[in-house]
Amino acid sequence: MKMPGKPYPHLDLAAIRARLASSRGRTYWRSLEELAESDGFQEMLEREFPRQAAEWPDDPAGRRQFLKVMGASLALAGLSACTRQPTETIMPYVRQPEAVIPGKPLFFATAVPHTAIAMGVLVESHLGRPTKVEGNPEHPASLGATDTLAQASVLDLYDPDRSQTLTYLGDIRPWSGFLGAAREALALQVPKAGAGLRFLTGATTSPTLADQFRTVLQKFPAAKWHRYEPIGRHATLTGARQAFGQPVHTYYQLANADVILSLDADFLGSGPAGVRYAADFASRRRVRGSQTAMNRLYVVESAATPTGAKADHRLPLRASDIEAFAAAVAAGVGAKGVDTSAGAAMTGGPHAKWIAALVKDLQQHPGASVVMPGIHQSPAVHVLAQAINIALGNVGKTVIHTDSLDPNPVDDFDSLHELVSDMEAGKVDMLVIVGGNPVYNAPVDFAFAQRMSKVKLRIHMGLYADETSEFCQWHIPEAHFLETWSDARGFDGTATIMQPLIMPLYFGRSVHELLAAFGDTPNQTPYEIVKGYWNRQHPGPDFEDWWRKAVHDGIVPNTALPARQVTFKGSAAAPAKATQAQGFEIVFRPDPHIFDGRFANNGWLQELPKPMTTLTWDNAAIISPRTAERLNLQNEDLVELEYRERKVRAPIWIQPGQPDDSVTVHLGFGRTRAGRVGNGVGFNAYLLRTSGAPFFDSGLEIVKLGSKFPLAMTQNQHLMEGRAIAISGNIEEYRTNPAFAKERAEEPPKELTLYPGFKYDGYAWGMAIDQTACVGCNACMIACQAENNISVVGKEQVLMRRAMHWIRVDSYYQGSLDNPEVLFQPLPCMQCENAPCELVCPVQATNHSSEGLNDMVYNRCVGTRYCSNNCPYKVRRFNFFLYADWNTPTLKMQRNPDVSVRSRGVMEKCTYCVQRINEAKIDAEKEGRSVRDGEIQTACQQVCPAQAIVFGDINDPSSRVSKLKAEKLNYSLLADLNTRPRTTYLAALRNPNPEIENS
Amino acid sequence: MRPPVYGLMAEFESPTALAAAAREVREKGYRRVEAYSPFPIEEVNEALGLHHNRLPLLVLCGGILGGLTGYLMQYYIAVIDFPINVGGRPLHSWPSFIIITFELTILFAALTTVLGLLGLCGLPMPYHPVFNVPRFVQATRDRFFICIEARDPLFDRHDTAEFLSSLHPREVSEVAH
Amino acid sequence: MSQIFHPSTNTFSRVSIFGGLFIIAFLVWAWAELNESTYATRAKVPVQQPVPFSHEHHVGGLGIDCRYCHTSVENSSFANIPPTKTCMNCHSQIWNRAPMLEPVRDSFRTDTSIRWIRVHDLPDYVYFNHSIHVAKGVGCTTCHGQVNRMPLMWQENSLQMSWCLDCHRHPERFVRPKSEVFSVNWQPPPNQLEMGRELVKEYKIQSLTSCSTCHR
Amino acid sequence: MAEDPRNPVTVPPGRPTLIAPGHTFGSVTDKISSIVLTRRTPLFWFVPFLIASGLLMVFLAAVAYLLVRGVGIWGIKVPVMWGWAITNFVWWIGIGHAGTLISAILLLLRQSWRNSINRFAEAMTLFAVACAGMFPLLHLGRPWLFYWFFPYPNSMNIQPQFRSPLIWDVFAVSTYATVSALFWFVGLIPDLATLRDRARNRWARATYGILAMGWRGAASHWQKYETASLLLAGLATPLVLSVHTVVSFDFTIAIVPGWHSTIFPPYFVAGAIYSGFAMVLVLAIPLRAMYGLEDLITMRHLDNMAKVMLATGEIVAYSYVFEAFIAWYSGNPFEMFAMWNRMTGPYAPTYWLLIFCNLVFPQLLWWKKIRTNIVWLFVMSLDVLLGMWLERYVIIVVSLSRDYVPSAWGYYWPTIWDVATYVGTIGLFFFLFFLFIRSMPMISIFEVRTLLPQAEVTEGVEK
């Protein structure tokens, strides 16, 4: 199979215009006037020589750049001018806080709320600047790891585009001004008990907030509190209500599961519990020596996801067919109280054997299996899944039911619909929107903006002055979660008290403050509010200590929700209607990185390659190869998607493993008021999304437009060309010949050399990467970016293959084009002992440390780029332009002070987070001991949910990394080149079901 | 005591004539003789007894010096001054050091050649008495000159002039200082 | 023809050929000198501060220990510049009216930092850690000179890479007993070398010259 | 001029007629020096000179913009970190081989036909090397730090890394440039003296006088002068062979499939001479026409040069064949793929065009008719120049675009700035070359004199 790369020669003016028009990329890093200037420049360029578009990173900050260079050349002319440094000042504290030791970071526990569900984290703070998010090992949702969103959240904090002022009709107003206005408006509401008062928030699990709402609603009984999440737990909730008659919350204990069936659930590394699930899942797949037990994962899915890639058996099905599939399985396992008639279509169909084998497998593991429905699936699927789990006796063992995390949960679409109709009916005088962006992301059929205009007083609180605030009189900048006090619950109910790391940078207000304004104590600080609430929960003299401990640990003791016994009522759902496939199916998915669009202005997330497609800076209409052939579509072809008389234009991406006749579009793009990074990136799929079919529906038409739209991929070639790159095998293979990977890698013997090698006594750093564990979530890439001050380069530069990530996660396909087997391979610098890159550097800018690190000395590099040419793994990254931002103050605050910020013309690369190594070594030396195993964690290792990356001293035979490298599965990448990499891989293993294999 | 003139110069029209003249001048016993021609003429050199010169020896020394400089510099820098592990290669990677050793050998040798040439010829010397002879400009075109210098013991302003004219030159002229 | 050149040109031309070589040699030498000069390195140049703080007086005269102000020198990369509070500990009592100290009092009153001028300023791509050096028996004065003789602070050494390497290559020439690390009057004993070698063994001092020791 | 009865002008039988009959010392001298000393510059000089100057401006603009923005303005990317810049570097260096080769090797081989072409061939060499030398500097990410390539005592105590072929390049190219310049200048001295003596304008006389350093054609000087020329030739010969060998090390030392090959050094040298002679022909053919030098640069010269081209061309052809064969024979999957990729990959058209230009088309040179046909020769030379440029492009770009790890594969495409920089250096080259032919004797006068029959001493030395 050929993954079509860039056509060659690739010259397409229209596309380049589109490209120029489409993306802003690095303008992020520049001030507005420069942005304007850059646009002019680009148009000029476009007129002059369109071919060149790609080679502008976006904004030639002409004059400044020029002066810079003149500076450089003058420095050269002016002899030692280049060696003399400008004068710096030091500004010490006036009164130094006790805890603070300048030069040493502090870590504070808090939580990252993901659709209000908490993941406990520890945030690194340098002299009061939060710079990096790490997982909180104590927290059930984290266990020390984190995900992409948590890593990127710190960049959101410093985003210069966040709204910075409280405004009324665009004019700046003081907080008191707002309070006054609010009071007046509320005064009118008092007589009618708040009948005209409406609140709209996103989902929430915050006990404090719930409590505040309770008081407010007591004061205004007729007021209503609506909740809307575009990517909410709609199906889960409705399914639960149907199944149990109450909003039961369900989560899974994959650590106890031998067989897992995912019904369109992308549970690995995404979603609020994704990190924990990935950890538990991987924990059951660690094949070591004679320990060859593995769990088995079946995935039935409507889009190519990392979870599907990890599956031992994957079945691509149109989203609408999954209900039938579930019914078939339910019938197979003899689930009670559900209508499984729809299953007949499947059991009679081509997948009959598959299903039979699956059912058998499930039944062989009662109480040790899990069936997970996807949040994008229909409620019916959820009901069926519950029924199957009950039938398999999984409840209480691998499937846990608890009370809802949200005290009184509501269905997103019902709730929003109610609000909309009230607004239409003119019942709403005062609407307070907190956090959400409904104007952008509400279902189109609600025509939210237009109906909202009927509301007299419209108040919006948000991190950004976004599409919604444009339609509101009042906009209140919201405080970032790292800037204020709050609390939230984890997926299992564990509550975390979120403490601020820094004063609000942009005078943001917390949602608690806002609600207080509607209560009787308008001037309470968030601290007082949150602490007050918890004090009421824990009265008594020991509260202070209790509070300190809870805040310090990042966990409120015994707040996890207890498991509940619930009785299955059977589904009230009508049996699935046979899907009449008129037209194509359209599937709406949140973007893996910018989610529902709220992170659209986050450069790290925009440039982070999406799993599988490695697409950056865009979304696409993803179709299967077969569909593409039928419609005669190529990658990057611009098409018009027409669905229920609504149209959007989208570029095509052909994704192997995508079910046929089904188009997956990612939500969250096409923002108009996201900020300089997010504006106009991609197309807005919400324009097709209706409340009737929020996640999928058939009836889509595709019209080819004939023009092209370039998509910036970081990987064009997903075939290994029969080379031993990412080696994989079956568990059976391993049992018969554990060393199969080593044999394929052809490692030459160490003696095979004319010259004596170098001795590495003392430490010898090395890394082992378990490809079986890696779930391809890309968290390592963004963690590395945050830790090592890696620049964002923008779409044009990614198109030029100049993305800067030091570690990348390659995905390779093998097998059939329609349902390929996918392998993930994280690729950091291999730290070769015989490094080809070092040999060719003319100025000794890269060479070996005494501990075997392949050092890169940025300040010595002159930029011949020879090292990159000679690197067989291509892990070196080059600053073709001045990528790093040397101007925006807030972005400087984010930087890790322990890592140099690279300048133009310099090569950079992974050095195993040498700053962390040095720190640990110094501490150890001072204590007169040697570094303990596990004391040093590289950023990529620390973030990895599946613990696929292990780093340590390979001279210490007892270290984890040594043990892994001793495994038979361990092999070196391109070993036959005799580069002697310090980073090695454990071959990927799968545990297929023989019955399906052989059929 | 400085003789009144630099010497006497005879002009010929062909290399053959010059060679013949040179021979006779030598036979007559003159030693401080110089011939001038628009291109090198071996016969004249022989006639004037110009055989070997020290240039090749100089160049050899220059070359050896260059080679040593090249290799020792590299050895010192890579092994002694700041030994760094580069791609696991030995500090003393002699095969890699050969190229620069070679280049510096050539460079030094070539520079010695040119400087040696200038030195041995006493160039640059933009001013020289022979340029005082008006027709000497033809020496770089198509005329051939022979000049007996006044410093020669046998030199006599009158007799030498007589003798030169006996060689059938185109013309004989005195060379002022 | 008439001569084009005056006889003197012979001398001129020859001199100029060799003179050229000398001029180039001179330029190279000048460049090298300039790079090492105190102009480029700023060594030995007293720095004017907003408050003319005298180490001579406080360290030499009053004998205050380095760590009284530079609190984090033993456990952080940064030795710390004392907060205004530290000054006020004493100067709220003594010299509490001295006009010279007005900036200090002002800072304390208005809660704004004093803007000290950085004296020892390494390039941003160099990562130096005070604590480990102190812990391994590198005395303050080894790098900072005898601050107790400095009425105004100046940078004692060039702080150039070659200077760092001197010690990283031959620690035995500079280390001293840990007990003496903070003593400002300590002078290397005549048997420095042999003592040094023993201390190097005793303190397990490694001679770290890998690039990533200082550059990341 | 009046003939001296004692030595009549007689052409000894069998002596090759490298110079059309009828010439005398005076006539050749006047003919060549008049080109320089003539009062008014001919139009056919101005037109190309102005075009070249225009291109030079383009070059300066491109370089200025490069320094302002960074090498990102070029099409380079991961994995193809070297694009046109290095291609041009190797191409120019290759061209720069002909001059020294002609003057050095042919001198040692006593090929007297070289005498009337070596001068401008050497000049061509110098200017080609000048153009080549630009690229290694310009392609640096931080060009202002180029001096770190040289070992010198510094406050960082850090020196160049002598295992890197790039450092070898620095030494090889600078040495080659220096030696070629010396060789060229030494060769010029006697002719400068001639110009000094023929110039009317006193400034011209002074200038040439200074440059001639007082050369007066003394026999003792001539004798040392010839020794020096032989020594320089002897030194330049291994040097000229080494330069492109070293340049080829840039590739052979690396482990990139398609680069890591032992056949490169000889094959690069042959290729260099190939393109070098092509460039000499490209210059010589119009020159002799413009300045009516047919009687000095005769058909025989052109024929000989064409033969050299043919010979080196065959060596290059042989190398291509063997490169492919070895790739297959080695059984190394990466090598095999690299070769297969050249032939069938996305850049296949470039490869096949290269094969046509360097391997197929030049076979016409076997026919004397072609070799002695001005037009054919000129076209052929241009074709070879193009072919040799393509060869380097294929080696560099195509090999890099698809190396070991498929996930990193990517395709290079030049930007307008790549083109501008390249075209710009061509401008620079001709700018310098036209200045040269206007101000210096483009043919070695004194060496041409020796080719005249009159130069023979006809009577026996012994009596």
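The sequence lines fix the lettering, A, B, ..., with proteins before strands; numbering per chain opens at 1. What you see is a predicted model, and the numbers here were worked out from it, not measured in a lab.
In this structure, the portion of C:Tyr127 lying under 4.5 Å from any heavy atom of chain A is its side chain and not its backbone. Only the backbone of C:Thr112 comes within contact range of chain A, with at least one heavy atom under 4.5 Å from a heavy atom of that chain. Neither the backbone nor the side chain of A:Asp923 comes within contact range of chain C; no heavy atoms are under 4.5 Å apart. Contact of C:Pro82 with chain A is made through the backbone alone, with heavy-atom distances under 4.5 Å. Heavy-atom distances place both the backbone and the side chain of C:Ile81 under 4.5 Å from chain A. Neither the backbone nor the side chain of A:Thr911 comes within contact range of chain C; no heavy atoms are under 4.5 Å apart.
Distance OG1/A:Thr89 to CG/C:Asp121: 10.0 Å, rounded to 0.5 Å. Summarising the geometry, atom CD belonging to A:Glu919 is positioned 6.5 Å from atom CG belonging to C:Asn129; distances are rounded to the nearest 0.5 Å. A:Tyr93 OH to C:Asn80 CG: the interatomic distance, rounded to the nearest 0.5 Å, is 9.5 Å.
Within a 6.0 Å sphere centred on NZ of A:Lys104, heavy atoms belonging to other residues, nucleotides or ligands number more than 12.
Most heavy-atom pairs under 4.5 Å with chain C, from the set A:Glu925, A:Glu88, A:His848: that is A:Glu88. Between chain C and the options A:Asn859, A:Val857, A:Ile922, heavy-atom pairs under 4.5 Å are most frequent for A:Asn859. When the candidates A:Leu853, A:Asp898, A:Asn788 are compared by the number of heavy-atom contacts under 4.5 Å with chain C, A:Asp898 comes out ahead. Of the listed residues (C:Ile114, C:Val119, C:Val126), the one with the most heavy-atom contacts under 4.5 Å to chain A is C:Ile114. Chosen from A:Val914, A:Ile90, A:Asp855, the residue pairing most often with chain C at heavy-atom distances under 4.5 Å is A:Ile90. Heavy-atom pairs under 4.5 Å with chain A peak, among C:Glu74, C:Arg115, C:Met88, at C:Arg115. Counting heavy-atom pairs closer than 4.5 Å to chain A, the top residue among C:Cys87, C:Pro123, C:Ser107, C:Ala79 is C:Pro123.
Scanning for ring pair (Phe, Tyr, Trp, His ring centres under 6.0 Å) contacts around C:His55 gives C:Phe53, with sequence neighbours left out. Residues that satisfy the ring pair (Phe, Tyr, Trp, His ring centres under 6.0 Å) test with A:Trp765, not counting sequence neighbours, are A:Tyr763, A:Phe951.
Against chain A, the residues from residues 204-216 of chain C that qualify, each with a non-hydrogen atom under 4.5 angstrom away, are C:Lys204, C:Gln206, C:Ser210, C:Cys211, C:Ser212, C:Thr213, C:His215, C:Arg216 in number order. Residues of residues 132-151 of chain C lying under 4.5 angstrom from chain A, judged on non-hydrogen atoms, are C:Ile132, C:Ala135, C:Lys136 by number.
Of all heavy-atom pairs between C:Ser76 and A:Gly103, the closest is OG-CA, 3.5 Å. Minimum heavy-atom separation, C:Phe78 to A:Pro102: CD2-CB, 3.4 Å.
Both tests hold for A:Arg95 against C:Phe108: distance to the six-membered ring centre under 6.0 Å, angle to the ring axis within 45°.
Donor-acceptor pairing under 3.5 Å is recorded for the side chains of C:Ser131 and A:Lys926.
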